[in-house]
Number of protein chains: 2
Amino acid sequence: MTRRPTIADVARTAGVSPSTASVVFSGKTPVSDATRERVRAAAASLGYAGPDPLAASLRRGRSGIVGVVFEEHLGAAFLDPVKTLMMDGLADAVAPLGAGLLLLRDEALTENAPTLSTAPIDAAVLIGCSGLLRDSLELVRARGLPVVVVEGDAGDGVPRILLDNREAQRQAADHLRRLGHRSVAILTLPLDAGRRRGWVPADAEIAIDVTRERLAGARDVFPDAVAYAAAGSFIDEGLAAGRVLFADPANRPTAVIAQSDLLAAGVVRAAEEAGLRVPADVSITGFDGVQVDGLAPYELTTLVQAAAEKGRATGAAIAAMLEDREPASILLTCTFREGSTTGPVPS
Amino acid sequence: MTRRPTIADVARTAGVSPSTASVVFSGKTPVSDATRERVRAAAASLGYAGPDPLAASLRRGRSGIVGVVFEEHLGAAFLDPVKTLMMDGLADAVAPLGAGLLLLRDEALTENAPTLSTAPIDAAVLIGCSGLLRDSLELVRARGLPVVVVEGDAGDGVPRILLDNREAQRQAADHLRRLGHRSVAILTLPLDAGRRRGWVPADAEIAIDVTRERLAGARDVFPDAVAYAAAGSFIDEGLAAGRVLFADPANRPTAVIAQSDLLAAGVVRAAEEAGLRVPADVSITGFDGVQVDGLAPYELTTLVQAAAEKGRATGAAIAAMLEDREPASILLTCTFREGSTTGPVPS
DNA sequence: TTGTAGGCGTTATCAC
DNA sequence: GTGATAACGCCTACAA
């Protein structure tokens with residue numbers, strides 16, 4: 001025989017009708033033990049490995065696949081521990097739906113690759129913030145698929161999963177203020193897709209929501225704090241920025257508010273390099289609450305965001321939409337955690 | 001109208017046959033400009049977003065999805081820079097096929113989740129090494145799907161993507177020997193799924209291929225070198241192990257061969273901590289050639305594996321099988337790169 | 001408990 | 001260049 005056996009072949013061999021055979025595999029309707037056995041045996045003898053997922057999907061109108069759209073190269077995305085954790089949570093959350101995650105790149109970035117418009121997905125998760133996202137959003141909505149946007153600017157009627165970035169960052173700033181700090185520098189995430197490194201002018205346009213909100217939170221407490229933008233969320237970026245911040249001994253901040261833990265870790269290293277003790281000479285806060293490999297023995301004072309929970313919430317929203325329930329936008333809150341990198345202002 | 005429009009609706013509205021409408025969207029056959037326009041217009045007016053991927057897939061017998069099976073939690077997998085890079089390469093390589101990557105967890109780990117046996121995939125990539133892999137392999141073969149195994153023990157007829165671990169590691173060891181080192185310690189990756197940390201007895205059974213082969217390569221040059229196993233490939237693990245290796249000043253290796261760059265980075269840090277200069281007092285080699293965030297200013301002496309290339313090779317093998325060509329197993333070679341962490345043995 | 005019938009939405013083939 | 005026809009393989013009312 002040349003072609004793969006179908007459920008019809010199995011049914012024929014077992015001497016039952018196709019629908020009965022189908023039921024044996026789906027288990028949706030009771031079947032007598034004898035029949036089940038016969039069908040099973042027939043399947044085994046033919047080397048039938050179960051219903052073709054494609055045909056089943058078409059019939060059901062569901063593929064069991066959730067597309068996750070990234071704006072960047074996959075490698076870049078997974079360099080970010082927060083995204084990794086969030087994917088983890090998302091995977092957990094969609095698993096009970098019987099759904100898997102399909103990695104997709106933003107339409108604009110792909111050639112003849114599989115895309116939002118041609119992939120057999122039941123729903124989509126858009127991650128990120130930039131303008132490309134709008135196009136992707138259009139595509140998905142045109143197809144009438146449920147969408148959830150994570151930490152991005154979505155617009156009307158699209159459920160979003162957000163973080164209380166501003167409020168949280170304000171807490172960290174408050175903590176520093178209570179410790180007596182007045183001369184504070186802020187190390188921000190990239191301002192826009194350009195990812196230029198450097199001082200942030202007072203009137204800078206900040207295209208990326210996360211960056212803007214965390215900065216606002218810090219400025220709520222320290223309106224005049226200088227800000228320096230990193231080109232990405234990496235330890236080495238934090239190190240480079242830290243060198244700049246600590247360059248002038250006469251005019252050095254007593255505390256640095258970094259917008260990510262990786263950046264903060266780099267700043268810690270820059271401080272060490274400059275002969276400064278943390279937190280005796282300089283206090284440093286992070287953001288994210290991820291485990292930074294290689295930072296021991298320090299423990300960052302930081303804002304712990306429930307990254308995996310973010311993924312789970314996203315999954316829940318997807319589940320809701322798939323079941324025609326109203327999905328809720330969700331605002332997750334961060335928890336302030338005091339570590340060993342902040343202390344009283346040096347006298 | 002309540003249900004989504006189909007290509008038949010579009011065809012009717014445009015006054016053409018369904019097949020013609022189909023051709024307009026697929027572009028597989030020339031169509032007159034006028035007709036194309038009319039179909040496009042009809043589609044737009046009906047809000048038709050293009051052919052349903054599920055139906056198209058069924059018809060074509062291809063879903064355009066490649067399943068990637070991990071043995072571990074997704075989060076854990078993406079913590080490993082080599083895997084991340086390899087995913088990146090894989091994504092690149094399958095994109096031209098019009099395929100996307102579906103993240104799957106090993107069958108054993110999942111509840112009613114989407115799996116190898118129910119997901120609409122055209123091919124599968126199995127990553128890893130343990131025994132579970134065998135089960136997954138069975139499932140996939142039962143479905144008659146093309147499979148590629150990356151760095152795992154696959155068995156008969158399954159194309160594999162492998163690295164010249166032993167030979168490569170030998171090069172690094174040779175390098176150290178030529179520099180005069182005689183007292184060398186080896187820091188290995190985990191020995192098995194148990195991931196126990198500690199000295200490796202001479203007669204230890206090593207279940208994980210990569211660990212075993214790299215160890216063998218090092219021992220080809222230094223048969224009597226002691227070996228210590230880390231519990232994972234992390235900087236902090238390297239640090240912890242380094243502390244052990246450097247604990248006794250009287251009996252301290254002059255060189256450490258670490259089986260991954262992350263481990264090596266930790267060892268560098270442990271050396272600093274112990275007041276040892278690298279490479280003046282101790283030489284350290286890594287493996288992988290990944291960019292270790294936060295290690296600057298050191299540059300590891302290491303073996304550069306083309307991780308992304310590994311992914312690309314995997315994709316190529318998949319492509320070959322999908323086109324009924326014979327897929328080749330591939331042995332990739334690592335390149336020795338001398339950095340700033342190795343030097344002559346201290347006199 | 002089992003069988004019958006119809007269709008999910010598309011596209012390949014072939015004839016015109 | 002365009003159109004009729006026939007699957008792709010399965011599932012689910014509904015009837016028996």
Side-chain angles (χ1 to χ4, degrees), chain A residues 1-39 42-43 46-64 98 117-122 143-145, chain B residues 1-40 42-43 46-64 98 117-122 143-144:
Chain A
M1 179 196 26
T2 164
R3 81 186 200 302
R4 312 198 47 77
T6 75
I7 204 170
D9 299 323
V10 174
R12 201 173 319 113
T13 315
V16 301
S17 80
S19 50
T20 305
S22 170
V23 160
V24 168
F25 290 107
S26 75
K28 296 247 178 191
T29 311
V31 183
S32 77
D33 287 358
T35 316
R36 184 177 16 257
E37 260 332 295
R38 255 180 323 134
V39 173
L46 292 178
Y48 177 76
D52 176 336
L54 238 29
S57 297
L58 174 60
R59 182 59 237 256
R60 278 200 271 264
R62 282 258 155 104
S63 65
S117 34
T118 63
I121 57 178
D122 295 338
R143 273 181 67 189
L145 295 175
Chain B
M1 179 185 38
T2 166
R3 80 183 203 304
R4 322 210 80 245
T6 75
I7 204 172
D9 299 325
V10 174
R12 200 173 319 112
T13 319
V16 300
S17 80
S19 37
T20 303
S22 170
V23 157
V24 168
F25 290 106
S26 76
K28 297 243 180 196
T29 312
V31 183
S32 79
D33 288 356
T35 315
R36 180 168 29 250
E37 260 331 296
R38 256 184 315 138
V39 172
R40 284 266 157 72
L46 292 178
Y48 178 76
D52 176 339
L54 238 27
S57 297
L58 174 60
R59 182 60 241 243
R60 279 201 271 264
R62 283 257 157 103
S63 65
S117 35
T118 63
I121 57 178
D122 294 338
R143 274 180 67 188

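We name chains A, B, ... by the order of the sequence lines, and we start the count at 1 in each one. Bear in mind the structure is a predicted one, so any value in this text is a computation, not a measurement. Quick note: numbers below take in every heavy atom, side chains included, and nothing from hydrogens, waters or symmetry partners.
The side chain of A:S19 lies closest to C:dT4 when the candidates are C:dT4, C:dT1, C:dT10. Side-chain proximity of B:P30 to D:dG1, D:dT12, D:dG3: nearest is D:dG1. Each of D:dT12, C:dG9, C:dT11 was ranked by its minimum atom distance to the side chain of B:A55; first place goes to C:dG9. Taking every side-chain heavy atom of A:R59 into account, C:dG6 is the closest of C:dG6, D:dT2, C:dT10. The side chain of B:P51 lies closest to C:dT10 when the candidates are D:dC11, D:dA4, C:dT10. Here the nucleotide nearest the side chain of B:T29, chosen from D:dT2, C:dT1, D:dG3, is D:dT2.
Atom CZ in A:R36 sits roughly 12 Å away from atom C1' in C:dT1 (whole-Å rounding). Atom CZ of B:R12 and atom P of C:dT10 are 12 Å apart (whole Å). A:L58 places its CG atom 14 Å from the P atom of C:dG7, with the value rounded to the nearest Å. Atoms NZ (B:K28) and P (C:dC14) sit 16 Å apart, rounded to a whole Å. Counting to the nearest Å, the C1' atom of D:dA7 and the CZ atom of B:R60 are 15 Å from each other. Residue A:I7 contributes atom CD1, which lies 20 Å from atom P of C:dC8 at whole-angstrom precision.
For the pair A:T6 and D:dG9, the criterion of a side-chain N or O lying under 4.0 Å from OP1 or OP2 is not met. Residue A:S22 has a polar side-chain atom (N or O) positioned under 4.0 Å from OP1 or OP2 of D:dC11. Not one side-chain nitrogen or oxygen of B:T35 sits closer than 4.0 Å to the OP1 or OP2 atom of D:dG1. Taking only side-chain nitrogens and oxygens, A:T20 never comes nearer than 4.0 Å to OP1 or OP2 of C:dT2.
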